[in-house]
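In what follows, a single structure is set out as structure tokens and then discussed.
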Amino acid sequence: MPSVREIYENNPGKLQFIGEPGETPDGFWLSAKDDSGNGIYFTDESRHES
């Protein structure tokens with residue numbers, strides 16, 4: 001399963017990212033919009049960036 005950072009780095013132009021990945025106490029999160037404007041949220045529980 002890819003990390004939040006990998007999704008962000010490997011999908012430029014495919015999704016409209018709303019900022020860069022953010023850190024949470026449990027790992028990282030990322031938000032984006034698809035072509036229809038629907039919100040998509042990614043999370044992972046890694047404690048450090050890969």
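Keep in mind that this is a model prediction, so the values were computed, not measured.
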Residue pairs involving residues 8-22 (criterion side chain to side chain donor-acceptor pair (under 3.5 Å); sequence neighbours excluded): none
Heavy-atom pair of closest approach, residues Leu30 and Gly19: CD1-O, 3.9 Å
Partners meeting side chain to side chain contact (heavy atoms under 4.5 Å, CB included) with Ser31 (sequence neighbours left out): Ile18, Trp29, Tyr41
Shortest non-hydrogen contact between Val4 and Pro21, atoms and distance: CG1-CB, 3.6 Å
Interatomic distance, Leu15 atom CG to Asp35 atom CG [nearest 0.5 angstrom]: 8.0 Å
Which residues share a side chain to side chain contact (heavy atoms under 4.5 Å, CB included) with Asn38, sequence neighbours left out: Asp34, Ser36
